[in-house]
K.L.:
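The structure under discussion is supplied below as structure tokens; questions concerning it will follow.
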Amino acid sequence: MNPHLRYTRGFTLVELMFSMAIGSIILLLAASMLGTSGAGYERVGGNVATEREARGLITQLASDLSTARFHKDELLDRSSAAWPVDKLGFLSLQPSQAQSDANRIGDLCTVNYYTKDLVIGGKTVRCLMRGFTESKITFEGVRTAKVASLFGPTRTLGDPGLDEPIAFGVISFEARPKSRDSSGKWIEWVKNDTKAPEGIDLKLVVARRDLTAKLKTSSDWDGAGGATSKLVGTAAKADTNANLEVYAAILRFGNYVSP
């Protein structure tokens, strides 16, 4: 017998089955990790898009307010709903390129912000709208003492067709006028016909992408939609609700003499 020859045997069926089971477990774990990473990436991407949209809104509103011109009939409507949806309307100086040639006779225009439920992809999405009325109609409203008719989606002066959504998935929009006391502290503005507020205290609450997909009716967006009401929660706990993004800022109101 050749002493260099050795007996070698293959894997048994039990050993093969055991190896395949271990391999299957490893593959399942890897797939699970990839799925979790993908979901996490999607959540992060959605949050980044929401933040970008919110910052764009704040930038636009700050720009409009920076050239605001005070008028006693401006729209400063404070909502009393569980999730407040305020209305804000004011006169603002706008560049010529923001207006059409037919309706541009100056730079004094009307801007207003309000929420509206739009049907997108077969479901209701609450949006923050920016209404815009060009200078020709704005001057007419000032001349005829009908400034209040320049605001809102059903205004009698102006073209609602110029209104456009500026933020999507809005749970709440608060725009509260503020003034400063003798010590420089921000306090509630007391409405009068001669003195403008010094700032607008803005608070925007936006639903994250996962929650937006579950809110399909206006009642859902109000936080009164049965099972979804637990996901929306309450305004008092918005800052700690993982389904919501909260943005807040005090924006300067351009203090001009009333026309």
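Here, residue 1 is the first one in the sequence, and each next residue gets the next number.
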K.L.:
Quick one: pull up CD in Glu74 and CZ in Arg69 and give me the separation to the nearest 0.5 Å.
P.N.:
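Result: 10.5 Å between the selected atoms.
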K.L.:
Given 3.5 Å as the limit, does a donor-acceptor pair link the side chain of Asp220 with the main chain of Lys216, or not?
P.N.:
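Side chain of Asp220 to backbone of Lys216: a pair is present.
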K.L.:
Side-chain contact test, heavy atoms from C-beta onward, threshold under 4.5 Å: evaluate it for Arg126 versus Asp222 and give yes or no.
P.N.:
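Answer yes - side chains close enough.
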K.L.:
Mind checking whether Leu215 and Ile120 sit in one hydrophobic cluster, side chains of I, L, V, M, F, W, Y counted as touching below 4.5 Å?
P.N.:
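They do share one cluster, since a chain of ILVMFWY contacts under 4.5 Å joins Leu215 to Ile120.
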K.L.:
Please verify the inter-ring angle class for Tyr113 with Phe173; under 30° counts as parallel, over 60° as perpendicular, anything in between as tilted.
P.N.:
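Tilted.
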K.L.:
Are Phe139 and Leu150 connected in the hydrophobic side-chain network, where two residues link if heavy atoms are under 4.5 Å apart?
P.N.:
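Yes, because Phe139 and Leu150 connect within a single hydrophobic cluster, where side-chain heavy atoms sit under 4.5 Å apart.
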K.L.:
Work out which heavy atom in Ser149 is nearest to a heavy atom in Thr156; give both atom names and the distance.
P.N.:
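Here Ser149 and Thr156 meet closest at CB-OG1, 3.1 Å.
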K.L.:
So, does Asp210 use its side chain to make a donor-acceptor pair with the main chain of Asn243 at under 3.5 Å?
P.N.:
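Judged by distance alone, no pair lies under 3.5 Å.
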K.L.:
Let me confirm one number: the CG-NE2 distance from Asp193 to His71, rounded to the nearest 0.5 Å.
P.N.:
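One finds 9.5 Å between CG of Asp193 and NE2 of His71.
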K.L.:
Could you go through Arg176 and Glu188, starting from their C-alpha distance and side-chain angles, then the distance that decides it, and tell me whether this counts as salt bridge (Lys or Arg N to Asp or Glu O under 4.0 Å)?
P.N.:
CA-CA 8 Å; Arg176 307 292 164 84; Glu188 293 293 327; over 6 Å; no
K.L.:
Quick one: CG on Leu162 to SG on Cys109, what's the gap to the nearest 0.5 Å?
P.N.:
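SG of Cys109 is found 10.0 Å from CG of Leu162.
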K.L.:
Do Phe132 and Gln99 touch side chain to side chain, with heavy atoms closer than 4.5 Å?
P.N.:
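Answer yes - side chains close enough.
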K.L.:
Looking only at non-hydrogen atoms, find the nearest pair between Gly158 and Thr133 and report the distance.
P.N.:
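Heavy atoms only, the tightest pair is CA-CG2, 3.8 Å.
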K.L.:
Any heavy-atom pair between the side chains of Thr212 and Phe168 that's under 4.5 Å?
P.N.:
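Counting from C-beta outward, Phe168 and Thr212 never come under 4.5 Å.
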K.L.:
How far does CD1 of Ile105 sit from OG of Ser96, to the nearest 0.5 angstrom?
P.N.:
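Ile105 CD1 to Ser96 OG: 14.0 Å, rounded to 0.5 Å.
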K.L.:
Report the C-alpha distance between Thr217 and Thr124 in whole Å, list the side-chain angles of each, state the deciding distance to 0.1 Å, and finish with yes or no for side-chain hydrogen bond (donor to acceptor under 3.5 Å, both in side chains).
P.N.:
CA-CA 5 Å; Thr217 67; Thr124 300; over 6 Å; no
K.L.:
Under a 4.5 Å cut-off applied to non-hydrogen side-chain atoms, are Val142 and Leu91 in contact?
P.N.:
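SC-SC contact between Val142 and Leu91 confirmed.
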K.L.:
Check Val111, Leu88, Asn112, Leu157 against Phe151 for a side chain to side chain contact (heavy atoms under 4.5 Å, CB included) and give me the one that passes.
P.N.:
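The passing option is Asn112.
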K.L.:
Would you say the side chain of Glu174 lies within less than 4.5 Å of the side chain of Asp201, judging by non-hydrogen atoms?
P.N.:
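With C-beta onward as the side chain, the pair stays apart.
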K.L.:
Kindly compute the distance separating CG (Leu211) from CG (Asn241), expressed to the nearest 0.5 Å.
P.N.:
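Going from CG on Leu211 over to CG on Asn241, the span is 7.5 Å.
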K.L.:
Atom NZ in Lys178, atom CZ in Arg252: separation rounded to 0.5 Å?
P.N.:
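Those atoms lie 14.5 Å apart.
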K.L.:
With hydrophobic residues grouped by side-chain heavy-atom distances under 4.5 Å, do Leu65 and Leu204 end up in a single group?
P.N.:
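Both belong to a single hydrophobic cluster.
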K.L.:
How far apart are the C-alpha atoms of Leu76 and Trp189, what are their side-chain angles, what is the distance that settles it, and do they pass the side chain to side chain contact (heavy atoms under 4.5 Å, CB included) test?
P.N.:
CA-CA 11 Å; Leu76 299 167; Trp189 176 70; 3.4 Å; yes
K.L.:
Indicate yes or no: does Arg104 engage Glu134 in a salt bridge with an N to O separation below 4.0 Å.
P.N.:
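Looking at Arg104 and Glu134, the cut-off is not met.
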K.L.:
Who pairs with Gln60 by side-chain hydrogen bond (donor to acceptor under 3.5 Å, both in side chains), at least two apart in sequence or on another chain?
P.N.:
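Applying side-chain hydrogen bond (donor to acceptor under 3.5 Å, both in side chains) to Gln60 gives Asp64.
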K.L.:
At their closest point, which heavy atom of Cys127 faces which heavy atom of Leu118, and how far apart are they?
P.N.:
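It is SG-CD1, 3.7 Å.
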K.L.:
I need the minimum non-hydrogen distance between Ala207 and Trp221, along with the two atoms involved.
P.N.:
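The answer is CB-CZ3, 4.1 Å.
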K.L.:
Could you state whether Trp83 and Val170 fall into the same hydrophobic cluster, counting links through intermediate Ile, Leu, Val, Met, Phe, Trp or Tyr residues with side-chain heavy atoms under 4.5 angstrom apart?
P.N.:
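They do not share one cluster, since no chain of ILVMFWY contacts under 4.5 Å joins Trp83 to Val170.
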K.L.:
Verify the cluster assignment for Leu108 and Leu75: are they in a single hydrophobic cluster under the rule of side-chain heavy atoms below 4.5 Å apart?
P.N.:
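Same hydrophobic cluster.
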K.L.:
Are side-chain heavy atoms of Trp186 and Arg180 found at a separation under 4.5 Å?
P.N.:
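Trp186 vs Arg180: side chains touch.
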K.L.:
Considering the options Asp163, Asp86, Asp77, which one meets the side chain to side chain donor-acceptor pair (under 3.5 Å) requirement together with Tyr114?
P.N.:
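Only match with Tyr114 under side chain to side chain donor-acceptor pair (under 3.5 Å): Asp163.
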K.L.:
Crowded around Lys123 NZ? As in, over 12 foreign heavy atoms under 6.0 Å?
P.N.:
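Above 12, so yes.
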K.L.:
Which atom names give the shortest non-hydrogen contact between Asp117 and Ser218, and what distance separates them?
P.N.:
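Closest heavy-atom pair between Asp117 and Ser218: OD2-OG, 2.5 Å.
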K.L.:
Below 4.0 angstrom, N of the basic side chain to O of the carboxylate: do Asp73 and Lys146 qualify?
P.N.:
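Judged by the 4.0 Å cut-off on N to carboxylate O distance, Asp73 and Lys146 do not form a salt bridge.
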K.L.:
With a 6.0 Å cut-off (strictly less than), is the heavy-atom count around NZ of Lys136, excluding the residue itself, greater than 12?
P.N.:
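Counting other residues, nucleotides and ligands, NZ of Lys136 stays at 12 neighbours or fewer.
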K.L.:
Please find the pair of heavy atoms, one from Pro84 and one from Ser79, that lie closest to each other, and give the distance.
P.N.:
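Here Pro84 and Ser79 meet closest at CA-OG, 3.6 Å.
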K.L.:
I want to check something: taking the side chain as every heavy atom from C-beta on, are Ser179 and Pro197 in contact at a cut-off of under 4.5 Å?
P.N.:
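No, every pair of side-chain atoms sits at 4.5 Å or beyond.
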K.L.:
Take Arg55 and Tyr247, measure what side chain to side chain contact (heavy atoms under 4.5 Å, CB included) needs, and give me the verdict at the end.
P.N.:
CA-CA 9 Å; Arg55 290 186 181 278; Tyr247 304 91; 5.6 Å; no
